[in-house]
Chemist: 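Before we start, here is the structure in question, set down as structure tokens.
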Amino acid sequence: MEVQLAPLRAWEDFFPGRERFSRPDFKDVSKWNNRVVSNLLYYQTNYLLLAAVVIAVVGFLSPLNMILGGTIVVLVFTVFVWASHNKDILRKFKKQYPTVFVVAILLSSYFLISYFGGVMVFIFGITFPLLLTFIHASLRLRNIKNKLENKMEGIGLKKTPMGIVLDALEQQEDNITKLADYIAKVKE
């Protein structure tokens with residue numbers, strides 16, 4: 001199946017007035033995670049543009065460290081995903097604990113970048129765009145178009161870059177539901 005880039009959503013759709021934003025229900029982690037995944041898929045091109053702007057600013061201020069930091073993050077991500085596909089124990093771990101897997105990628109990247117002296121680049125050039133994306137995806141309410149697009153992605157009618165990344169990280173909605181169930185059991 002051919003990979004398609006999702007369309008750039010209009011500014012009014014991406015960042016409308018306060019009525020389209022709401023604090024997530026922290027008690028219902030499954031619903032919150034579903035909102036995040038849906039928004040990541042629907043607004044992926046907007047998030048990519050937002051990240052590109054932040055990365056460009058940080059890259060302009062510290063180009064060598066930004067190239068080094070970006071290279072390290074891509075290499076760590078690639079190694080973790082490759083290893084999880086080729087090693088059964090890692091594959092099982094990634095399926096059981098997908099969020100821990102993502103955190104391990106970020107922490108490994110952080111430690112490698114700090115070893116080379118680019119911690120501020122990691123914080124502002126790599127982590128800050130991720131934080132902005134997560135905050136927006138958590139607060140933005142979904143609309144009918146958003147839900148329809150995500151269903152098409154989910155049943156395989158479309159394949160987008162964010163869908164591929166979420167699949168590689170085992171961050172599909174059913175895995176997020178498992179995490180929410182686990183958290184609910186721990187609270188009890």
Side-chain angles (χ1 to χ4, degrees), residues 1-11 13-15 33 35-87 89-91 93-95 97-140 149-150 153 158-173 175-176 179:
M1 173 150 290
E2 184 177 315
V3 176
Q4 301 174 359
L5 188 62
L8 184 66
R9 308 297 175 188
W11 178 253
D13 184 28
F14 183 64
F15 202 77
N33 287 322
R35 180 194 292 187
V36 170
V37 170
S38 295
N39 284 329
L40 285 174
L41 289 168
Y42 187 70
Y43 294 111
Q44 63 187 285
T45 307
N46 295 68
Y47 295 143
L48 182 64
L49 185 62
L50 174 70
V53 168
V54 172
I55 289 169
V57 169
V58 173
F60 178 75
L61 297 173
S62 182
L64 184 60
N65 283 338
M66 193 64 212
I67 291 169
L68 178 68
T71 303
I72 288 173
V73 170
V74 168
L75 288 174
V76 168
F77 175 81
T78 304
V79 167
F80 269 72
V81 171
W82 175 84
S84 71
H85 286 317
N86 293 316
K87 303 291 182 187
I89 192 164
L90 287 176
R91 183 178 306 129
F93 180 81
K94 183 173 81 170
K95 283 200 176 285
Y97 308 103
T99 306
V100 174
F101 189 78
V102 173
V103 170
I105 291 172
L106 289 174
L107 287 175
S108 299
S109 299
Y110 171 78
F111 287 121
L112 283 171
I113 291 171
S114 67
Y115 179 73
F116 292 108
V119 173
M120 293 310 288
V121 169
F122 179 79
I123 291 172
F124 289 110
I126 297 165
T127 308
F128 188 61
L130 291 175
L131 179 65
L132 289 176
T133 299
F134 179 73
I135 290 170
H136 183 272
S138 292
L139 298 176
R140 178 68 169 94
E149 288 284 325
N150 293 334
E153 173 90 13
K158 290 174 58 174
K159 204 64 173 164
T160 60
M162 182 64 74
I164 292 168
V165 169
L166 290 173
D167 282 344
L169 294 173
E170 299 287 333
Q171 294 294 316
Q172 299 91 347
E173 290 178 28
N175 288 327
I176 291 171
L179 174 66

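We count residues from 1, following the sequence as given.
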Chemist: Keeping to residues at least two apart or across chains, list the side-chain hydrogen bond (donor to acceptor under 3.5 Å, both in side chains) pairs with something in residues 53-78.
Modeler: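 Listed once each, the pairs are S62-N65.
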
Chemist: To the closest 0.5 Å, what do you measure between CG (L139) and CZ (R35)?
Modeler: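 If I round to the nearest 0.5 Å, the distance is 7.0 Å.
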
Chemist: Determine the minimum heavy-atom distance between F128 and V54, stating which atoms define it.
Modeler: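 F128 and V54 have their closest heavy atoms at CD2-CG1, 4.1 Å.
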
Chemist: Where do L90 and S84 come nearest, in terms of heavy atoms and distance?
Modeler: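 For L90 versus S84, the nearest heavy atoms are CB-CA, 3.8 Å.
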
Chemist: Taking atom OH of Y43 and atom CZ of R140, what is their separation to the nearest 0.5 Å?
Modeler: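 The OH atom of Y43 sits 3.5 Å away from the CZ atom of R140.
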
Chemist: For F93, does the CZ atom sit with more than 12 other heavy atoms under 6.0 Å from it, leaving out its own atoms?
Modeler: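 Correct, the count exceeds 12.
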
Chemist: How about L40 and V36: do any of their side-chain heavy atoms sit closer than 4.5 Å?
Modeler: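 L40 reaches V36 side chain to side chain.
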
Chemist: For the atom pair CD1 (I67) and CD1 (I72), what is the distance rounded to the nearest 0.5 Å?
Modeler: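 I67 atom CD1 to I72 atom CD1 measures 12.0 Å (nearest 0.5 Å).
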
Chemist: Does any part of the side chain of L112, heavy atoms only, come nearer than 4.5 Å to the side chain of L75, both counted from C-beta?
Modeler: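 A side-chain contact is absent here, since even the closest heavy-atom pair is not under 4.5 Å.
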
Chemist: Test of understanding: with side chain to side chain donor-acceptor pair (under 3.5 Å), list the residues that count as partners of T133, not counting sequence neighbours.
Modeler: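 With sequence neighbours excluded, T133 shows a side chain to side chain donor-acceptor pair (under 3.5 Å) to no residue whatsoever.
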
Chemist: Report the distance from atom CG of L50 to atom NE2 of H136, rounding to the nearest 0.5 Å.
Modeler: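 Those atoms lie 9.0 Å apart.
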
Chemist: May I ask you to decide if I105's main-chain N or O and S108's side chain share a donor-acceptor pair within less than 3.5 Å?
Modeler: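 It does not hold such a pair.
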
Chemist: So which atom in A104 and which in F80 form the shortest heavy-atom distance, rounded to 0.1 Å?
Modeler: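 Scanning both residues completely, I find the closest heavy atoms to be CB-CE2, 3.8 Å.
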
Chemist: On a heavy-atom basis, which atom in I55 and which in P129 lie closest, and how many Å separate them?
Modeler: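 Distance-wise, the nearest heavy atoms are CG1-CG, 4.5 Å.
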
Chemist: Does some side-chain heavy atom of T127 sit less than 4.5 Å from a side-chain heavy atom of L106?
Modeler: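 No, side chains not in contact.
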
